[in-house]
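Working notes, structure below.
Every number for a ligand or one of its atoms is a count from 1 in the order of the listing.
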Amino acid sequence: MENSGLTTNINELDGVGPKRLSALNNLGIFNVGDLLEYFPFRYDDMQTRIPSTTKDGEKVTFSGIVSSEPVLTRFGYKKTRLNFNVLIGHENIKVTFFNQPWLQKEIKREDPIAVYGVYDANRASLAGIKVLTTQVDGLNGIYPTSKAIKAKTIQDLIEQAFAKYSDQITNLIPAIIQTKYRLVDRRTMIHDMHFPQSSMAVSKAKRTAAFEEFFIFQVNLQLIKLTKTKKNGRIINYDNLAVKDFIAKLPFELTTAQKKVVNEIAYDLKRPIHMNRLLQGDVGSGKTVVAVIEAYATITANMQVAIMAPTEILAQQHAKSFGNFFAKSNDIRVELLTSATKTKERRQILADLLTGEIDVIIGTHALIQNDIEFHNLGLAIIDEQHRFGVKQRAILREKGMNPDILAMTATPIPRTLAITAYGEMDVSLIDELPAGRQPIKTKWLKNEDFEQAIEFMRTQINKGAQAYIVAPLIEESENLDVQNATAIYENLNAYLAPKIKVGLLHGRMKNSEKEHVMAEFKANMFQVLVATTVIEVGVDVPNATVMLILDADRFGLAQLHQLRGRVGRGAKQSYTLLLADPKSQYGKQRMAIMTETTNGFVLAQKDLELRGQGDILGNKQSGIPDFRIGDPIADLKMMEIAQQEAIQLIDTPNWDSVKSNQALVQYLSERMARYRNLD
Ligand code: ADP
Ligand code: MG
């Protein structure tokens with residue numbers, strides 16, 4: 001490998017002796033490249049000032065005209081002093097730069113200049129720290145340092161390194177990607193991170209630096225994944241035209257985001273790798289239909305699909321909607337398998353799975369029983385994957401012939417983030433809701449406003465809507481939950497009769513009963529469904545537009561978000577009413593946040609902030625590597641783009657030509673060790 005100047009040990013720089021060397025090493029700086037990537041953590045604004053209003057000892061920026069020929073004096077061993085005068089308005093000051101002899105070339109009499117330094121008012125002189133070449137709006141990078149080394153020393157070394165080696169900086173991000181995302185080239189990025197001319201330059205540079213960091217990280221991940229998964233890889237060679245036709249005949253047009261993820265997943269199916277992909281999308285964003293399309297694709301390749309859902313209700317609902325979506329495809333057979341499936345029927349299903357007569361099997365945990373074998377399982381879909389343990393997912397993965405895995409979730413962070421970072425899964429993101437959806441209006445009421453809430457519900461129902469009422473969560477016992485829900489059901493039933501009918505759903509009901517209740521609710525045979533949190537995930541009844549949650553402060557933000565996600569699933573305006581008298585500050589904040597945003601990512605972010613980042617990300621087990629510029633939470637979308645680009649890069653026949661990008665290859669091989677958990 002070619003030895004570029006950036007791998008030069010920092011002890012080759014002027015002014016780095018053994019002491020500074022070890023101080024720098026302790027900061028993770030070993031070579032010139034490390035030093036150039038040692039970026040400021042913030043920038044101080046240095047407004048241009050005039051000498052007469054500047055106090056003695058202040059750090060300031062003056063801008064004026066060089067009014068004398070610069071004179072360089074050498075003294076001692078390798079020490080220099082550069083002197084010149086600067087005229088600022090009609091005030092003249094003397095400027096001295098120590099040990100930056102290269103500045104002599106840059107400074108010419110009569111040129112405009114801006115200099116930053118420490119002002120000595122008594123002598124009207126400035127001990128120069130930095131020359132700012134053009135008029136600046138005054139940004140000075142502030143560097144993290146340690147006791148053993150001063151920030152000024154680091155800054156000086158960076159200037160020296162940049163002056164000597166910047167011509168060796170080459171791009172790591174391929175030119176096409178740089179252009180596509182309007183990034184700056186690497187040399188400009190490094191320059192502007194350290195010596196920005198404007199805050200605009202800083203933000204551009206930061207954006208590029210963050211992208212580069214994510215991109216390198218993802219290229220690493222993908223390379224590792226490639227070597228890990230190549231062996232088991234299989235191609236699901238689906239029928240392109242048939243899939244296109246299927247999509248065209250859907251009852252609605254896919255959103256742009258849905259189209260994008262459909263393509264990402266389909267692309268993976270055809271690759272000779274073992275797909276392990278997470279489909280992330282807020283509640284109501286339409287993940288199911290994406291799963292349906294990928295299932296269809298798999299079936300056209302003569303392979304089977306298994307879909308695992310966390311609850312019976314959800315499995316039943318999926319069985320119905322998959323059945324509906326496939327209604328026109330006569331030869332596709334969909335079956336439901338749960339713990340409620342009768343023995344005889346179960347035996348038949350198992351037999352037909354083995355012969356391949358069943359194309360799609362939908363179920364709960366029942367799907368991962370030992371005796372279940374497939375004829376040719378191509379794709380396994382896990383809905384609401386956060387509800388399953390790693391172990392259960394692993395079992396499904398090992399079923400049959402190591403199927404491609406598509407996991408779906410509405411939980412944005414932190415688990416998902418950990419997954420991204422672990423590299424266990426690739427992520428596809430649906431970042432928009434279907435058109436015509438109106439944001440759900442959320443109101444926080446006091447418990448004593450119960451009647452008012454019910455009356456509101458009544459008016460909505462009179463307009464044709466349906467409503468959920470979630471009974472308070474009684475953590476101590478499911479029995480109490482059920483009693484409570486039953487009592488609410490009975491009272492309301494009496495109160496709203498005869499015009500409005502009420503139904504009841506809870507965890508103690510038999511599966512057939514639950515199924516019956518959900519079917520009736522979906523058919524609008526009753527208008528109000530009183531339920532425990534069994535309806536938390538996945539339930540889809542678009543005509544239901546009111547969600548009333550009792551004692552809402554007993555639920556966490558994620559759970560409230562999931563519950564609220566049961567409404568707002570159609571074109572009609574939906575409402576969520578939270579009844580709660582929280583006592584703690586945290587409880588009050590949770591209620592308030594729920595009324596402020598319906599965006600799951602924002603909520604998750606707020607949740608993080610409220611609970612304290614340390615809680616979730618501080619523990620090193622989370623496996624999230626330390627990123628220096630990019631913030632994998634705030635910039636999740638950028639991370640995702642970086643990942644797509646990394647996959648493209650590695651997958652193209654151009655990978656060989658990429659490998660000739662010495663800079664990237666060298667960088668990768670050097671930096672692999674930086675990220676934990678990668679091998
Ligand atoms: P989730 O992502 O929460 O699982 P679903 O897949 O259940 O969401 O979809 C929510 C609702 O939106 C469903 O009724 C579904 O039929 C509908 N839907 C999905 N995609 C679209 C679309 N592109 N246009 C209109 N409605 C859609
Ligand atoms: Mg869903």
Side-chain angles (χ1 to χ4, degrees), residues 246-263 265 277-296 307-327 362-364 381-388 406-412 416 427-440 465-466 468 518-519 521-524 533-545 547 558-574 576 598-601 603-604:
F246 181 77
I247 293 173
K249 286 184 179 141
L250 287 172
F252 42 70
E253 158 113 32
L254 295 181
T255 62
T256 311
Q258 282 171 322
K259 285 179 193 161
K260 185 195 71 183
V261 302
V262 162
N263 287 335
I265 300 162
R277 189 169 274 278
L278 183 72
L279 173 59
Q280 192 176 38
D282 212 344
V283 285
S285 62
K287 295 182 287 292
T288 311
V289 68
V290 174
V292 168
I293 295 166
E294 306 303 340
Y296 184 80
I307 297 155
M308 187 161 76
T311 65
E312 305 270 349
I313 296 178
L314 204 49
Q316 283 156 3
Q317 180 181 289
H318 278 330
K320 280 216 182 76
S321 56
F322 273 69
N324 288 340
F325 279 116
F326 293 150
I362 299 175
T364 51
I381 298 171
I382 305 171
D383 195 16
E384 309 289 350
Q385 68 93 33
H386 59 282
R387 289 301 199 89
F388 293 100
L406 176 64
M408 307 199 287
T409 187
T411 313
T416 304
V427 179
S428 283
L429 179 67
I430 304 184
D431 57 1
E432 66 179 326
L433 297 179
R437 294 279 175 81
Q438 306 183 48
I440 300 164
Q466 287 170 274
Y468 295 100
M518 281 316 297
F521 187 55
K522 199 149 191 168
N524 201 357
T533 52
V534 290
I535 58 148
E536 182 189 331
V537 293
V539 167
D540 185 41
V541 181
N543 191 48
T545 57
M547 166 62 69
Q559 215 173 5
L560 288 172
H561 183 59
Q562 276 285 351
L563 286 169
R564 177 166 59 184
R566 296 314 108 217
V567 296
R569 302 175 81 81
K572 278 197 264 178
Q573 176 66 55
S574 289
T576 293
T598 53
N599 182 316
F601 282 87
L603 270 172

Give me the residue, atom name and distance of the protein heavy atom closest to atom 3 (O) of ligand 1. G284 N, 2.6 Å
For atom 2 (O) of ligand 1, the option (of K287, R569, H318) bearing the nearest heavy atom: K287
So, do I293 and L250 sit near enough that their side-chain heavy atoms are less than 4.5 Å apart? yes
Among side-chain atoms of R564 and T598, is any donor-acceptor pair under 3.5 angstrom? no
Is it the case that more than 12 heavy atoms not belonging to Q438 sit under 6.0 Å from its CD atom? yes
Which of the atoms of ligand 1 are close to V283, meaning less than 4.0 Å from one of its heavy atoms? 3 (O)
Provide the number and element of each atom of ligand 1 under 4.0 Å from a heavy atom of L254. 23 (N)
Contact with ligand 1 for E253, non-hydrogen, under 4.0 angstrom: yes
F246 and Y296 aromatic ring geometry - parallel, tilted or perpendicular at 30°/60° bounds: parallel
Which protein non-hydrogen atom lies closest to atom 20 (N) of ligand 1, naming both residue and atom, and how far is it? Q258 NE2, 2.9 Å
If we only count heavy atoms from C-beta on, is the K259 to E253 side-chain gap below 4.5 Å? yes
Identify the residue among I430, I381, I382, L278 that makes a side chain to side chain contact (heavy atoms under 4.5 Å, CB included) with M408. I381
Contact check, G281 vs ligand 1, heavy-atom distance below 4.0 Å: no
Under 4.0 Å between a side-chain nitrogen and a carboxylate oxygen: does that hold for R437 and E432? no
Relative to atom 11 (C) of ligand 1, which among R437, Q280, R566 owns the nearest non-hydrogen atom? R437
From the candidates T288, L250, V290, the one that places a heavy atom nearest atom 6 (O) of ligand 1: T288
Just to confirm my output: which protein heavy-atom neighbour is closest to atom 14 (O) of ligand 1, and how far is it? D540 OD2, 2.9 Å
Give the residue and atom name of whichever protein heavy atom lies nearest to atom 21 (C) of ligand 1, and the separation in Å to one decimal. F252 CE1, 3.4 Å
Nearest-contact summary for atom 9 (O) of ligand 1 - protein heavy atom, Å: G286 CA, 3.5 Å
Are the side chains of Q317 and V539 in touch, meaning some heavy atoms are under 4.5 Å apart? yes
